[in-house]
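Notes follow the structure.
In what follows, every chain begins at residue 1, and chains take the letters A, B, ... in the order their sequences are listed. From a predicted model like this one, the values you see are computed outputs, not experimental measurements.
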Amino acid sequence: MTAPARIIVSQRSARVSVSAEPDAPLVVDGGTYETTGDGAIVVKARSSAISIRCAEGTDLVVGTRSGRVETRGRLGAVQVSTSSGSVTIDAAREVDVRTASGRIDIGRADGPVRCVCGSGRVTIESAGSVDVSVASGRVEARDTGDARVHTTSGRIKVAARRGSAVEVRAISGRVDVSLPEGSAPATRLSARGGRIRNSVPSGDEGSLDVQTVSGSVTVSWR
Amino acid sequence: MAIGTVTGVIGFSDIAGFTRYTHEQGDGAALALLEQFESIVGASLPPDGRVVKQLGDGVLVFVPDAAAALRSAIDQQHACAAIASADSPLWIRTGLHYGTPLVRGADLIGHDVNLASRVADQALPGEILATADVIGAGPLPAGVCAVEVGPVFVKGVDDAVRLFRIHQEAGSNRA
């Protein structure tokens with residue numbers, strides 16, 4: 001069997017584990033699946049835990065009300081929506097995760113990572129770009145290209161690549177942005193009620209736009 | 001009270017972080033921000049659209065035509081983004097749903113209104129999300145894209161809802 005282009009799991013409550021391996025045939029434990037007219041694989045759970053093995057590069061769509069979602073291996077485009085429950089994505093081409101509460105951990109994404117989290121913590125090891133919104137909680141992007149991060153309260157830590165466009169918006173909470181040594185972005189920093197420490201010279205290599213209402217802002221080379 | 005129905009797009013837009021902003025900056029600053037936001041929403045509506053009600057940190061609008069509602073939501077986001085700053089954090093989330101709510105006086109009520117509110121809860125600041133019913137209600141305006149974000153379970157609705165992220169194509173201008 002050739003690799004399915006897209007796996008869809010839409011289940012009210014279930015723990016979902018997906019393992020992507022080179023040229024692996026599709027195997028679903030804890031559920032059944034059927035193929036739709038457009039070639040997508042729709043998985044239905046028969047138990048509280050679904051385990052899926054699939055080929056590397058497969059696209060994955062998961063919608064649950066509660067339950068942990070975890071992937072291992074390199075997937076294609078990954079979209080996860082859950083009301084509560086942690087989400088861990090090992091590696092993917094691109095990622096879109098939305099959760100009301102819970103922790104989001106993204107390993108490596110070649111392309112964009114988009115995360116919406118009501119309360120919880122978002123950690124992204126490496127991404128082509130990040131677009132993250134957390135109402136209450138911490139955001140950390142450890143190696144990213146362009147970044148757009150928004151929090152109501154909570155610490156933001158972004159390590160961006162040289163020449164990236166970084167935009168941070170926060171009501172309260174500390175903001176730390178680090179750039180490679182020698183970076184000189186077009187800089188616009190505003191902290192209405194917080195302190196700004198900026199040790200990076202202004203230039204025209206990328207951009208850095210940070211606006212907080214009451215949090216402090218630190219910008220430095222690493 | 002006479003009750004009828006209307007068919008069209010119900011839109012919720014709210015200011016992300018408004019409660020925290022009010023706590024930190026005070027009621028006067030919050031009121032000024034809200035008035036700025038409401039002014040932008042009013043200016044972005046098409047002639048047959050209307051603000052149904054203000055909701056503390058947001059507004060509920062109704063627009064009969066789906067394409068006009070999408071255009072209006074994009075204009076609203078662009079206008080807010082253009083003036084948003086640490087002094088005026090107009091960071092807006094928008095949810096749209098096409099349905100047939102009940103009309104009760106000037107108000108709209110029913111499942112379709114509740115769903116539009118839940119859709120807005122799923123959006124990033126600066127993001128517009130729409131249900132599949134909006135996308136299916138007519139052609140998208142020129143230069144506007146809809147990208148599916150997958151099945152989403154929202155509070156109070158049994159089945160997963162298909163949501164789409166709405167955005168202006170890069171480099172395209174308003175039609």
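Between chain A and the residues B:Ser85, B:Ala16, B:Ala123, the largest count of heavy-atom pairs under 4.5 Å involves B:Ser85. With chain A as partner, the option from B:Leu163, B:Val149, B:Val154, B:Asp159 having the largest number of non-hydrogen pairs under 4.5 angstrom is B:Val149. Ranking B:Pro125, B:Gly150, B:Ala84 against chain A, the residue ahead of the rest is B:Pro125, based on heavy-atom pairs under 4.5 Å. Per-residue counts of heavy-atom pairs under 4.5 Å with chain A were compared for B:Ala86, B:Gly17, B:Pro89, B:Ala160; the largest is that of B:Ala86.
Of the candidates B:Gln25, B:Glu24, B:Arg20, B:Glu24 is the only one forming a side-chain hydrogen bond (donor to acceptor under 3.5 Å, both in side chains) with A:Ser214.
Residues A:Pro185 and A:Val200 form a side-chain contact, since some pair of their non-hydrogen atoms from C-beta on lies under 4.5 Å apart. Between A:Cys115 and A:Val113 there is a side-chain heavy-atom pair separated by less than 4.5 Å.
Put simply, the side chain of A:Gln11 never gets that close to the backbone of A:Val43: no donor and acceptor are under 3.5 Å apart.
Checked against ring pair (Phe, Tyr, Trp, His ring centres under 6.0 Å), A:His150 has the following partners two or more places apart in sequence or in another chain: B:Trp91.
Counting only residues at least two apart or on different chains, the salt bridge (charged side-chain N to carboxylate O under 4.0 Å, His left out) pairs with a member in residues 77-96 of chain A are A:Asp59-A:Arg93, A:Asp96-A:Arg98, A:Asp96-A:Arg114.
Residue A:Thr64 touches chain B through its backbone alone, counting heavy-atom pairs closer than 4.5 Å. There is no contact between A:Val210 and chain B, counting heavy-atom distances below 4.5 Å. For A:Ala191, no part lies under 4.5 angstrom from a heavy atom of chain B. Only the backbone of B:Val157 has a heavy atom closer than 4.5 Å to any heavy atom of chain A. Contacts of B:Arg93 with chain A are absent, with no heavy-atom separation under 4.5 Å from either backbone or side chain. For a residue to count as touching a neighbouring chain, one of its non-hydrogen atoms must lie under 4.5 Å from one of that chain's; by this rule A:Val213 touches chain B with backbone and side chain alike.
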Apply salt bridge (charged side-chain N to carboxylate O under 4.0 Å, His left out) to A:Arg142 and A:Glu140, showing your working. CA-CA 6 Å; A:Arg142 294 175 177 157; A:Glu140 183 167 4; 3.2 Å; yes
